[in-house]
Structure formats: structure tokens, C-alpha cells
2 protein chains.
Amino acid sequence: MHAILARVTTPGGEIAEIFGHLLRRSTRDHLYARLTAGLDGSLDQATYPVISGLARYGPRSAAQLADDIGLDRSVVSRHATRLAQAGLIERLPDPADRRAILLRLTGPGQQAVRQMRARLAAVFDEYLATWPPGEAARFAASLRRLSEEGPFLG
Amino acid sequence: MHAILARVTTPGGEIAEIFGHLLRRSTRDHLYARLTAGLDGSLDQATYPVISGLARYGPRSAAQLADDIGLDRSVVSRHATRLAQAGLIERLPDPADRRAILLRLTGPGQQAVRQMRARLAAVFDEYLATWPPGEAARFAASLRRLSEEGPFLG
DNA sequence: TATTGTTATACTCTATAACTATA
DNA sequence: TATAGTTATAGAGTATAACAATA
């Protein structure tokens with residue numbers, strides 16, 4: 001009788017349910033493992049937002065980057081140390097503020113980010129090629145709009 | 001130059017980038033906080049997959065549910081204890097296997113899941129009402145297909 | 001011998017607090 | 001006084017290992 005609850009069948013209900021699945025730990029682990037497989041050992045689920053944020057926003061202090069990616073500056077500082085030891089980022093003094101230290105991708109760091117991005121994009125594009133023409137592009141546009149405007153996703 | 005890396009501009013590249021953002025801890029925390037605000041204290045980011053899984057799949061043993069939701073059975077067992085203490089689920093002997101203990105939603109547990117689902121669905125639907133007619137439904141259908149068929153999301 | 005539920009333990013990731021240096 | 005980076009500490013969440021009970 002009530003062993004299984006009926007879902008909410010509106011678009012919002014469908015999206016919410018699927019997001020719940022995407023946010024599951026096992027899904028995240030799987031995605032990050034795929035993303036970083038074979039690359040430097042310093043690249044994992046924890047350091048990815050740091051190096052990816054630097055690639056996206058450009059050189060920044062730990063405090064700035066922490067604000068951008070939603071982590072505490074102490075966490076960014078620790079991950080930055082790992083990435084710097086691996087030679088993927090470098091620390092350099094901020095000419096405008098002697099308290100701050102800018103974090104910046106090195107050449108190998110840029111290459112690593114390019115690899116991760118290209119790898120993940122290829123995995124999705126290969127699958128999306130099975131969709132009807134235009135559907136993938138429409139979907140990507142809607143997803144971007146939702147992520148930028150939508151509730152607690154922006 | 002090269003301070004900011006160029007993105008992958010294919011649909012797959014766009015989707016991958018946005019998923020990376022959605023999976024960020026701060027985004028997850030925000031979503032789960034919204035989902036469980038004002039409800040029983042046993043409902044949080046950790047117990048949600050357990051109670052949600054029972055609602056989705058029906059009464060199950062901890063080992064079965066652990067497999068369904070991608071957690072270890074020891075973790076499911078611990079979260080189940082919290083949910084049971086709150087009266088949201090109950091443990092009952094499995095008539096088919098005396099080693100197993102079935103986990104099942106109680107009435108209040110069903111009500112809690114309905115509330116969480118309805119709440120999240122409403123938040124999305126309210127925003128999606130700003131989209132052109134039909135776009136939300138098309139997007140939800142594509143998202144469902146991607147989550148069911150797509151790389152490491154199924 | 002294999003599997004279930006449970007508990008103890010260890011590990012990872014994060015936030016908070018505290019410290020020094022600089023604005 | 002406020003903010004930068006860093007480090008020590010504590011907290012949350014998970015997996016692993018080990019146990020007794022049952023298949």
C-alpha cells in the first residue's frame with residue numbers, strides 16, 4: 001500500500017529528485033575519480049575546486065579564492081600547499097598588499113586543468129552524440145540558465 | 001596572459017563545468033539546509049539519502065539499501081538508528097531471513113519525506129515559471145534521460 | 001562458508017580559533 | 001581595528017575491520 005511514495009511529477013519535482021541523486025556521495029566520488037584518474041596525486045575531490053577556481057577566476061589570494069569557491073581560507077591554504085608541492089600552482093607576493101599571497105597556476109597546473117576539463121567534456125559529448133540534433137545544446141543552455149539564476153544554485 | 005583558462009565550449013564542456021559547480025560543498029549544504037529547515041533534527045544531509053531511499057524503493061534491509069544508495073551498510077545502520085529514535089522509520093524482522101531487519105517508513109516518516117519533496121519541488125517550480133512555456137518540461141525530460149543513461153550518473 | 005546488523009576504529013575533509021604580519 | 005596567511009584543534013561523515021547470529 002504505502003511502501004513507496006509517489007513522486008512529485010511537476011518539472012520542479014523531477015529536477016529536484018534528480019539533483020538529489022547527483023549530489024549523492026557515490027555519484028560525486030565516481031565523477032571525481034574519473035576526472036583525476038592517472039593525473040598527479042595531489043589532484044582529487046578536495047583540491048579540484050581550488051585549482052579549478054584559479055583556472056576560472058585567475059590568480060587570487062587564498063581569502064579571495066575561498067570566498068569564490070565557498071570554502072574557508074584555512075582549507076584553501078592547506079590545499080594550496082599540496083598543489084604547490086606538486087608544482088601545479090605557485091605562491092607569489094601580491095604587489096598591491098604585502099599581507100596577501102597570490103596563488104597562480106604554473107604551466108603544468110594549466111595543463112592539468114586542461115586535461116581534466118577536456119576529459120570530462122569528452123565523456124559527456126560522446127554520450128550526448130546519441131541525442132537528437134540540437135537537444136544537447138538546448139539542454140546545456142537551460143542548465144546554465146538554471147545554475148546562474150535558479151534557487152540556491154547561483 | 002593565460003591568467004584564465006578558456007572553457008570547453010561544447011555542450012558536454014558546458015554541462016561538465018556546471019556539474020562541477022553543483023557538486024561544490026557549499027551548494028550541497030545550501031540545498032540540504034533548505035530541504036530540511038524546520039523539520040525533525042534527525043533529518044540532515046547524512047540521513048536524507050537513507051529516508052529518501054526507503055521512500056523511493058520501499059522497505060529494505062540495511063544491506064540492500066546501502067547498495068541502492070551507495071553507502072556502506074554500517075553507515076546506513078547508524079543513520080537508521082537516528083531516524084528510528086526520531087520515530088521516522090521503524091525496524092521490523094524480515095520474515096524471509098532472520099538475519100535481516102527491514103527498515104520501513106512510519107507515518108511521520110512518510111509525511112516528512114512528502115514535505116521535503118514538496119518543498120524542494122515548489123522552490124524549483126516557482127523559479128521555472130519564469131521560463132518560456134514548455135522549456136522546463138523539456139529540460140526536466142533531458143535531465144532525467146541524462147541521469148539514467150549518461151556517464152557515471154546512472 | 002557467506003551474509004546480516006552492529007559497533008569500534010581510523011581516515012578524510014571542513015570549520016573554528018588562535019597566532020603573527022601587514023593595512 | 002581589520003584582514004592576510006597559516007597552523008592546531010575539533011567536528012561531521014564515511015569506510016574498514018571485527019564481532020555474534022543466521023543462511
Side-chain angles (χ1 to χ4, degrees), chain A residues 23-33 35-36 41-54 59-85 89-104, chain B residues 23-33 35-36 41-54 59-85 89-104:
Chain A
L23 295 185
R24 277 174 23 179
R25 180 179 197 86
S26 56
T27 306
R28 303 198 315 266
D29 289 352
H30 193 176
L31 188 140
Y32 280 110
L35 191 62
T36 59
S42 67
L43 294 169
D44 57 27
Q45 199 163 340
T47 56
Y48 179 76
V50 173
I51 193 169
S52 173
L54 288 177
R60 301 179 97 69
S61 70
Q64 287 177 311
L65 184 59
D67 190 59
D68 293 330
I69 65 179
L71 288 175
D72 189 81
R73 65 198 165 118
S74 67
V75 177
V76 171
S77 177
R78 193 171 309 105
H79 295 327
T81 297
R82 271 221 292 155
L83 292 167
Q85 285 171 341
I89 71 171
E90 56 191 350
R91 288 181 156 103
L92 50 157
D94 184 342
D97 186 340
R98 287 199 302 169
R99 295 172 303 179
I101 296 173
L102 292 179
L103 305 174
R104 186 175 66 180
Chain B
L23 295 184
R24 277 175 23 180
R25 172 177 267 283
S26 56
T27 306
R28 305 198 314 265
D29 289 352
H30 193 176
L31 189 139
Y32 280 110
L35 191 62
T36 59
S42 66
L43 295 168
D44 57 28
Q45 198 163 339
T47 56
Y48 179 77
V50 173
I51 194 170
S52 174
L54 289 176
R60 299 179 99 70
S61 69
Q64 287 177 310
L65 185 59
D67 190 61
D68 292 331
I69 65 179
L71 288 176
D72 189 81
R73 63 198 165 118
S74 67
V75 176
V76 171
S77 177
R78 194 172 310 105
H79 294 328
T81 298
R82 272 222 290 155
L83 292 167
Q85 285 170 342
I89 72 171
E90 58 190 349
R91 286 181 157 104
L92 50 158
D94 183 342
D97 186 340
R98 286 199 302 171
R99 294 173 302 179
I101 297 172
L102 292 179
L103 305 174
R104 186 175 67 179

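Just so it is clear, the model here is predicted, and its values are computed rather than measured. So you know, we letter chains A, B, ... as the sequences are listed, proteins then strands, and number each from 1.
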Whole Å only: how far is the [atom1] atom of [X] from the [atom2] atom of [N]?
{"X": "B:Gln85", "N": "C:dT6", "atom1": "CD", "atom2": "P", "answer": "12 Å"}
{"X": "A:Asp72", "N": "D:dT7", "atom1": "CG", "atom2": "P", "answer": "14 Å"}
{"X": "B:Gln45", "N": "D:dG11", "atom1": "CD", "atom2": "C1'", "answer": "14 Å"}
{"X": "B:Asp94", "N": "C:dT6", "atom1": "CG", "atom2": "P", "answer": "13 Å"}
{"X": "B:Leu103", "N": "C:dT4", "atom1": "CG", "atom2": "P", "answer": "13 Å"}
{"X": "B:Leu71", "N": "C:dG5", "atom1": "CG", "atom2": "P", "answer": "14 Å"}
{"X": "A:Arg28", "N": "C:dT14", "atom1": "CZ", "atom2": "C1'", "answer": "13 Å"}
{"X": "B:Ile69", "N": "D:dT14", "atom1": "CD1", "atom2": "C1'", "answer": "12 Å"}

When you measure from the side chain of [X], which nucleotide among [options] comes out closest?
{"X": "A:Arg91", "options": "D:dG5, D:dT6, C:dT4", "result": "D:dT6"}
{"X": "A:Asp44", "options": "C:dC13, C:dG5, D:dA15", "result": "C:dC13"}
{"X": "B:Ala46", "options": "C:dC13, C:dT4, D:dT14", "result": "D:dT14"}
{"X": "B:Arg25", "options": "C:dT14, D:dT6, C:dG5", "result": "C:dT14"}

Q | Nucleic acid contacts of residues 74-83 of chain A, taken as heavy-atom distances under 4.0 Å to DNA chain C | A | A:Ser74, A:Val75, A:Arg78, A:His79
Q) What distance do A:Asp29 atom CG and A:Arg24 atom CZ have between them, rounded to the nearest 0.5 Å? A) 11.0 Å
(Q) Let me confirm one number: the CG-CG distance from B:Leu102 to B:Asp97, rounded to the nearest 0.5 Å. (A) 9.0 Å
(Q) Under a 3.5 Å distance rule, please check whether B:Arg60 uses its side chain to pair with a backbone N or O of B:Leu103 as donor and acceptor. (A) no
(Q) Can you give me the closest heavy-atom contact between A:Leu83 and A:Ser42, atom names plus distance? (A) CD2-OG, 3.8 Å
Q. Does A:Arg99 or A:Gly70 map to a spot on DNA chain C nearer the 5' end, using the closest nucleotide for each?
A. A:Gly70
Q.
Both A:Asp97 and A:Asp29 contact DNA chain D. Taking the nearest nucleotide for each, which residue is further toward the 5' end?
A. A:Asp97
Q) Just wondering, do B:Gln45 and B:Leu31 contact through their side chains at under 4.5 Å, heavy atoms? A) no
Q. Do B:Arg91 and B:Ser77 come within less than 4.5 Å of each other through their side chains, counting heavy atoms only?
A. yes
Q.
Regarding B:Asp44 and B:Thr47, do their side chains bring together a donor and an acceptor under 3.5 Å, going by distance alone?
A. yes
Q. C:dA21 phosphate, OP1 or OP2: any side-chain N/O from A:Arg98 under 4.0 angstrom?
A. no
Q) D:dG5 base to A:Arg73 side chain: any donor-acceptor pair below 3.5 Å? A) yes
